[in-house]
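Naming: A, B, ... by sequence-line order, numbering from 1 per chain.
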2 protein chains.
Amino acid sequence: MAAEVATKLRAEIVEGVLAPNERITQGAVAERLEVSRLPVREALQQLAGEGLVSLERDVGARVTPLDPKDLIETYIVREALEPVLTESAARRIDAEQLAALRAINDESEVCAEREDIDGYLAVDRRLHGGIFAVADLPRVQAVITGTFATAERYRRAFSILPHRLETSVVEHRMILDAIERGAAEDAGELHRIHIRRTRLTLSEHPELFSRGGDDG
Amino acid sequence: MAAEVATKLRAEIVEGVLAPNERITQGAVAERLEVSRLPVREALQQLAGEGLVSLERDVGARVTPLDPKDLIETYIVREALEPVLTESAARRIDAEQLAALRAINDESEVCAEREDIDGYLAVDRRLHGGIFAVADLPRVQAVITGTFATAERYRRAFSILPHRLETSVVEHRMILDAIERGAAEDAGELHRIHIRRTRLTLSEHPELFSRGGDDG
DNA sequence: ATCGCTGGGATTAGATCCAATCTGTGAGCT
DNA sequence: AGCTCACAGATTGGATCTAATCCCAGCGAT
């Protein structure tokens, strides 16, 4: 039950339903989701571990604000770890798994053409998830997935910028090509570059952080 | 309160007081530490996040067993992220901070000479913690410190092997030297090698994992 | 004799209750 | 008028209570 509450709150934070710096009281959430305060409490601790909310003893939780320094740190973690998974996946993948990843990437191209940001981000999650599953490094994967929601908060603001989805699609295809030809290190390096480019582009747009200074 | 319980349980797992695969019941811990079961529950969730215990719904927690694959994953995370912190620290450090790190490393040499494993590991933690503090990347640091307890479980078994402490001391001094001469990338690379060597040496001794198959 | 099933004890998950702490408003003082 | 302090309401953290689930011993059937 705590898990469901965490999932719901996570989505609300990522989607901006809960604004940065907004206070989250256990009682309000409990009433809204029709559960007791206990699962809410546990969910908030989980989200605090992911950095989505900040907890202060005897005060409560508030939505962690977006800020450039935090963005950089989140992407440092992804940049250091995701290539490891991609490289491992490239060494282990079989034809069937590769075909499945190709299919997912094809879907993402459709979303990109339609400028369907929500759809694209969802498919993108599945693509990365598919690669991670093949890599079979659950512990490393857990660290990365822990940063996903935060990363998506930044990307969601970022994707509003025009013409970025196509760039992403091309980079994904390059990674899959490298995996297909068995160039594990290349695949990892391409993934690393992909993440770094995303981070640098995001960093160039500090105006994305200004809104959301909402202080209840 | 939950934090204190987590700290205590973490120490007991690392020190082997709680054996691998041993079941941890909320009630028993609550009674032993003279708190209610609620903080124990929260502590166990925290420890599950660090991978020290495995939770199963409606069943409870048990101490995660040591195993070679998990060791590799833990060290992959450290190898990818700690050099980033070291490099950042090298770029930001001032003379006073450097002197403090030198002092800590001197302490570690004393422990190494005395073959004082517990003392050495404690000082080692302080050294790494000191470097991390200078790096000023709290989010990255949080990920690494989350892996620390697990890494220490393996190291603790490892340090029983003779003559390893001295190697470690030398490597630490090399890292500090690189930091002192402002060679940030060298410092990071040396740190990476330091971690990788530790991991490889550990992997060469699978017998360290055999004990602890204790299934309460 | 071994396997499967049932019932009781143990254990966890969730709800409710209570005490301690914080926040914020408003009165009183300078 | 502005600041300080105190009190009341709100909120969290911890304890206790209840229901659901699991584990396991013991019994019966094959």
- Item | First of A:Val59 and A:Met1 reached from the 5' end of DNA chain C, by closest nucleotide |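 Its nearest nucleotide lies further toward 5', so the answer is A:Met1.
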Test item: side-chain donor near acceptor, [X] and [Y], under 3.5 Å:
X        : Y        : value
B:His128 : B:Glu82  : yes
A:Thr74  : A:Thr150 : no
A:Tyr120 : A:Ser168 : yes
A:Glu42  : A:Gln46  : no

Taking NZ, NE, NH1 and NH2 as the nitrogens, is one of them in [X] or [Y] under 4.0 Å from a carboxylate oxygen of the other?
X        : Y        : value
A:Glu79  : A:Arg199 : yes
A:Arg197 : A:Glu171 : yes
A:Glu56  : A:Arg62  : no

- Message: Quick check for you: name the first and last nucleotides of DNA chain C, 5' to 3', having an atom under 4.0 Å from a heavy atom of chain A.
- Response: C:dG14 to C:dT23
- Message: Listing request: all ring-ring contact (aromatic ring centres under 6.0 Å, His included) pairs with a residue in residues 54-105 of chain B, at least two apart in sequence or in separate chains.
- Response: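 Qualifying pairs: none.
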- Give one of base, sugar-phosphate or nothing for B:Leu55, where a contact means two heavy atoms less than 4.0 Å apart.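 Contact class for B:Leu55: none.
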- Separation of atom CZ in B:Arg62 from atom C1' in D:dC23, rounded to whole Å: 11 Å
- Task: Please state how far atom CG in B:Leu33 lies from atom P in D:dG14, giving the value in whole angstrom units.
- Result: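 Nearest whole value for this atom pair: 14 Å.
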- Message: For a quick test of reading the model: is some side-chain N or O of A:Gln26 closer than 4.0 Å to OP1 or OP2 of D:dA10?
- Response: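 For D:dA10, neither OP1 nor OP2 has a side-chain N or O of A:Gln26 closer than 4.0 Å.
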- In residues 37-50 of chain A, which ones come under 4.0 Å of DNA chain D, going by heavy atoms? A:Arg37, A:Arg41
